[in-house]
Each structure stands twice: as structure tokens, then as C-alpha cells.
2 protein chains.
Amino acid sequence: MRCFAEIAYNGAPFCGWQRQPNQPSVQQRVEEALATVVRAPVPIVGAGRTDTGVHARRIWAHFDLPDSLTDLNRLAISLDRLCGPDIAVRQIRKVTPDAHARFDAVSRTYRYYVIHRKSPFSRGLAWQLPRPLDYEAMNEAAAILPETSDFTSFAKLHSDAKTNICKVTEAKWFRTEEGAFFQIRANRFLRNMVRAVVGTLVEVGRGRLDLNGFRGVVEARNRCAAGESVPAHGLYLWDVEYPPEIFLPE
Amino acid sequence: MRCFAEIAYNGAPFCGWQRQPNQPSVQQRVEEALATVVRAPVPIVGAGRTDTGVHARRIWAHFDLPDSLTDLNRLAISLDRLCGPDIAVRQIRKVTPDAHARFDAVSRTYRYYVIHRKSPFSRGLAWQLPRPLDYEAMNEAAAILPETSDFTSFAKLHSDAKTNICKVTEAKWFRTEEGAFFQIRANRFLRNMVRAVVGTLVEVGRGRLDLNGFRGVVEARNRCAAGESVPAHGLYLWDVEYPPEIFLPE
């Protein structure tokens, strides 16, 4: 029986989603919890591989369970308890036998949070930038992204991705009480792409790059043209969407 | 020159607002920062004395500065930098010479946050209670509080307070995405009062105490009648209000 688990995590203590030798990863922690409950090793596949320190408000992972396990609510509660305070398992749902958390995702949404003053309650949860940014200019520049298809300028060099083509359907800054967040949705993301896009938009917000300059960066298809990547702790994998028909009734 | 500083803090690493021997307090940390900037000891008086682990979204403290210090914005920025990540100094304002952060406060507002599921992003910032509560019943009971004047049932035993009379002007639960918060405003609060009130309302929300039972607790004027105090880390001193005329133009 194939299942999807909805998971949230604070990325601070982890080397990222994916298992690494001698470092704590989200995948390892969830797989260990699953093995404890199921009493057998259960490999899981996540919707994406977040980098060290990146958070996830909602990510899905798939795995196969023995058909004898019928109470998925109880399993989710047990897993949630075993995963420690930094990982929450929200629910487990039965899916079609070949459903794949990564390949079946229709879109992914990321958010990047910026705060403009010290916040004793948001430590490690947003990037603190003392000076305000010109969010209007940043949104004018961000509007170029949905019209762009080749994101080579924001791709990690020497990456093993076969193509740098992405379809961005939303890219916008929203103001909050203490700062702002950038929301970007696309069918796929290249490694490090969101943090490089945000870093370049921050250059626009600081007045160091104008709209044409930003367009030039995008069109250069050269990572060296873009701004520096922003820190991991402001970034959240916010949501992953699937075709509704892959979810089965229990 | 008398000044008020607006301060926010995460209570987790502190023994509370007030200085204690051999324990880190918010007062000590702010006084040390002030002494560094002013190059002389500057005692401060806070609007209230929060207990160990209790947070403050907004508290004010008063102190006297040499008249030669004219740039209060710059002073606030220096203090904010010196206070570390858990204490934020938002602003410093000039006030009338005899203004008193504690005695001139017209009202104080506290909030108590409850969440009903694990939240990897709210660790230490809300009380996690797995089962939902009957917030409608809790609000019916809370409505008794503004009609009450004697809060002996929610006062710490052997306290040195001269009277247990408080005028509560708001007492209500509000639902949030992950749980709820209780907001209570009064002219004054007794030590431990909010946590005892919340603990007793939670008994109502669990169905262990009905409306008449809650009324009986209030009318008993006996701390032993009330429920257990809830943990400190869900509690925030949310706001303190003063007559606007104490604030002077710079």
C-alpha cells in the first residue's frame, strides 16, 4: 500500500532533507521513526531535497506500507511523537500504487521571509535585514520571472540538472508587520534557485540594480551575473501540489 | 531627563524581568547595555515583573538620562544591538519628569497562546495541548471575569499584595489557525493571576468544570478552588497603556 505523509519541519538542526553520512537529516529521522513503528526498514521519497537549514511548512513524502496497517491516523500520531520537536507529521494518506511524491508534483511554492527589525520570537525563522527595501521596485522586477523560461542565471554551477527551464506561475513580495515575504510558485525549481532569485531582487530593493539591470541578469543565462544567495533560514518550502486523483479514500 | 524605553523579549533564557542574584534577568541585561552606552550605572523600572520564562511583546521601562544625550533614536539602536537576540529595544521616548512605568500604567494586556498540534516553528512560544478545548464554554466562563472585582481565588498564596481587587475590562478567547489565545486586560494583575485564570478556564474547556462551577471558583475567594497554573512559555505581556500626555515631543 503506497502512502503519502504530510510533513513540516524546522530546518535549523538538519543538514537538509536528504540523508548524508554522519549528519542528521529529515529523511533519516522520519525513516527511523517509521522503522520503529512498522518494525521493518521503510525507505521514503520526498517531494524535494531542501538544503541545510531550509524549513518546510508542508512537504509530502511517499513510502510503501504493509496492507495490514489499516489505521493511518494512529500511525501518523505515532510517527509525529517519534520525530521529535523539529519535525511534525500532520497526516498520512493512501495514494494510487505508482504515485510519486517528487515526479507527480504539479507545482511547488516557496516563501522567503525578511524582517527589518530584531524579533525575539522569530530567531532562525526569517532573514534580518536592518534597512528597509524598495518592495515596489522588487515587485516590478519579480514580474519578469513568470515571463522567463530559462533560469540558468539562478542555477547552481556544475549542477547535474539536465535543463534549466522552469515555468514560474507566481513571483511576488507581500508586506508583513515586521518585513515581507517573497512567494514563488513553479512547476520545478533548480538547486539554490530561490535563494539566488531573492538575493538578486534584494539588490534591486537596495537600489543597486534597476529594472533593466535585473532583466539583463535574467537574460545573461550566467550565474555570475546574479546576486549572492540569501541565507537558508529565511526559506520555506511552503506547499507542494498534486493532482487530486492520486489520493484514495481510506 | 526621564525616558521610557519600549522593550520586547523572549522570556525563555531569563529568570524573569527582575534582577535576581546569579541568574540572568531582562532588567540586568538592559541595565548593563545602558551602562555601556551611557558610561554610568542607570537603574531602570519596568511596567511589571514577569515571571521566569514569560515573554513580553511590549513592555515599557523608565530611567533617567543625562540631558546631554539628545539622540534617543541612536541610543535605542545602540541598546538594541547590545541586548542580544532575545531582547529588542524598539524605541526610547522622552516623558514628563515624574512619569513612572509601573504606577502610571492605566492598563495591561496579557495573552496566553495554546496550540493543538506540534509546531516546529513555535517551540517555547505556545503551550501545546493535544486535545481541542470547548472554547465556546470557556468564553461563557470568561465573561464572568469583567463582572468580578475580587480575584483572591487566582492570587498567589502568601503574596505581599495589599488587595486582590482588579478591574478586568476584557477577557476572551480567540481562535487561531493552530489553536487559540486568551486575551485579558485589566488595570492591574496579581502575581500568577493570568496563569491561574487560564488553568481554570482550561478545566472548563475540558468539560471538568461547568459554568456554575467556574462561578463558584471565582466566588470562593480561595486559591485552592482554582485550577492549576498553566506553563509560563505560553504567556505574553502583550501591551501596557499610559495616558498619552506623559510622552513629550523630543
Side-chain angles (χ1 to χ4, degrees), chain A residues 5-14 17 24 26 29-30 33 50 53-59 73-74 76-91 111 113 115-128 130-131 177-179 181 233-238, chain B residues 5-14 17 24 26 29-30 33 50 53-59 73-74 76-91 111 113 115-128 130-131 177-179 181 233-238:
Chain A
E6 184 197 336
I7 299 168
Y9 54 85
N10 185 321
F14 301 110
W17 168 269
V26 179
R29 188 72 61 86
V30 177
T50 58
V54 173
H55 313 295
R57 184 197 70 139
R58 180 180 292 141
I59 188 173
N73 286 335
R74 207 174 132 195
I77 291 167
S78 303
L79 271 186
D80 187 57
R81 284 194 187 138
L82 284 165
C83 280
D86 295 307
I87 301 175
V89 177
R90 301 298 190 202
Q91 57 172 328
R111 280 196 186 176
Y113 276 86
I115 52 176
H116 294 302
R117 59 181 200 178
K118 193 198 285 177
S119 173
F121 311 112
S122 313
R123 262 174 92 177
L125 300 175
W127 186 32
Q128 192 189 318
R131 292 199 199 163
E177 201 185 336
E178 300 195 307
F181 66 84
H233 66 270
L235 184 59
Y236 295 73
L237 174 50
W238 196 254
Chain B
E6 184 196 337
I7 299 168
Y9 54 85
N10 185 321
F14 302 110
W17 169 269
V26 180
R29 189 70 63 85
V30 177
T50 57
V54 173
H55 313 295
R57 185 197 70 139
R58 180 181 291 141
I59 187 173
N73 286 336
R74 206 174 132 195
I77 290 167
S78 302
L79 270 186
D80 187 56
R81 283 193 187 140
L82 285 164
C83 279
D86 294 307
I87 302 176
V89 178
R90 300 297 191 203
Q91 58 172 327
R111 279 195 186 177
Y113 276 86
I115 51 175
H116 294 303
R117 58 180 201 179
K118 192 198 286 176
S119 173
F121 311 112
S122 314
R123 262 174 91 176
L125 300 175
W127 186 32
Q128 193 190 318
R131 291 200 199 164
E177 202 186 333
E178 298 195 308
F181 67 84
H233 67 270
L235 184 59
Y236 295 73
L237 174 51
W238 197 254

Taking every heavy-atom pair that is under 4.5 Å apart, which of B/Cys83, B/Gly84, B/Ser122 has the most such pairs with chain A?
B/Gly84

So does B/Arg90 pair up with A/Glu178, basic N to acidic O under 4.0 Å?
yes

Part of A/Phe121 lying under 4.5 Å from any heavy atom of chain B:
both

Measure distances from A/Ile87 to the heavy atoms of chain B and classify the residue's part below 4.5 Å as side chain, backbone, both or neither.
backbone

Exceeds 12 heavy-atom contacts within 6.0 angstrom, atom CZ of B/Arg117
yes

Contact leader toward chain A among B/Ala88, B/Pro130, B/Pro85, where contacts are heavy-atom pairs under 4.5 Å:
B/Pro85

Is there side-chain contact between B/Val89 and A/Lys118, with heavy atoms separated by less than 4.5 Å?
no

Contact summary for A/Asn10 and B/Pro120, nearest pair of heavy atoms
ND2-O, 3.1 Å

